[in-house]
Amino acid sequence: MKKWTMLIGVLLAVTLIASGCGGKNKEETSPSPAAEAGAGGGAKAITIDASNFKFDQDEIKVKKGEEVSITLKNSQGNHAIHIDGYDKEVKGNATVTFVADKAGEFTFICSVMCGKGHDDMKGKLIVE
Ligand SMILES: [Cu+2]
């Protein structure tokens, strides 16, 4: 009788350990793809190309709370972007990263006096 009880006890322990390991493995494997997705989707990368005298995108849409990474490429001339309301500035061939924590529409303008078309260089950052 005692032997049986012990055997059942051992079997139970083995089962528990085995299932415990299985559970642990699942825990170990599942966070890594999620972490990768988090890293990949962490910052929304936006590249704006500036030339005389326009930005190739005049509307950027992001979600509120999203981390946004804006890169400005000056393919022609010398321009920079200033985002009103967020007080963020990106100079040519540089990147600025910030969290879009305020919803609304924010105008961005060229903040370098680049020539006669300078005033036409504007766009909208839409945070929804
Ligand atoms: Cu300008």
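As the structure lists them, so they are numbered: ligands from 1, and atoms in each ligand from 1. These figures come from a predicted structure and were not determined experimentally.
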Notebook entry, point to check: N/O/S of V112 less than 2.8 Å from the Cu ion (ligand 1)?
Noted result: yes
Next item on the list: Round to 10° and report the angle made at the Cu ion (ligand 1) by SG of C110 and SG of C114.
Entry: 120°
Margin query: Let's go through N74 and L72 carefully: what are the C-alpha distance in whole Å and the side-chain angles of both, what is the deciding distance for side chain to side chain contact (heavy atoms under 4.5 Å, CB included) to 0.1 Å, and is it a yes or a no?
Written below: CA-CA 6 Å; N74 278 338; L72 176 67; 4.0 Å; yes
Note to self: If I take atom CD from residue Q76 and atom SG from residue C114, how far apart are they, to the nearest 0.5 angstrom?
What the structure shows: 10.0 Å
Notebook entry, point to check: Taking C-beta and beyond as the side chain, do H82 and D87 meet within less than 4.5 Å on heavy atoms?
Noted result: yes
Check: Any idea which N/O/S atom from H118 gets closest to the Cu ion (ligand 1)?
Finding: ND1
Checklist line | Flag side-chain contact, heavy atom, 4.5 Å: I48 against D56 | finding: yes
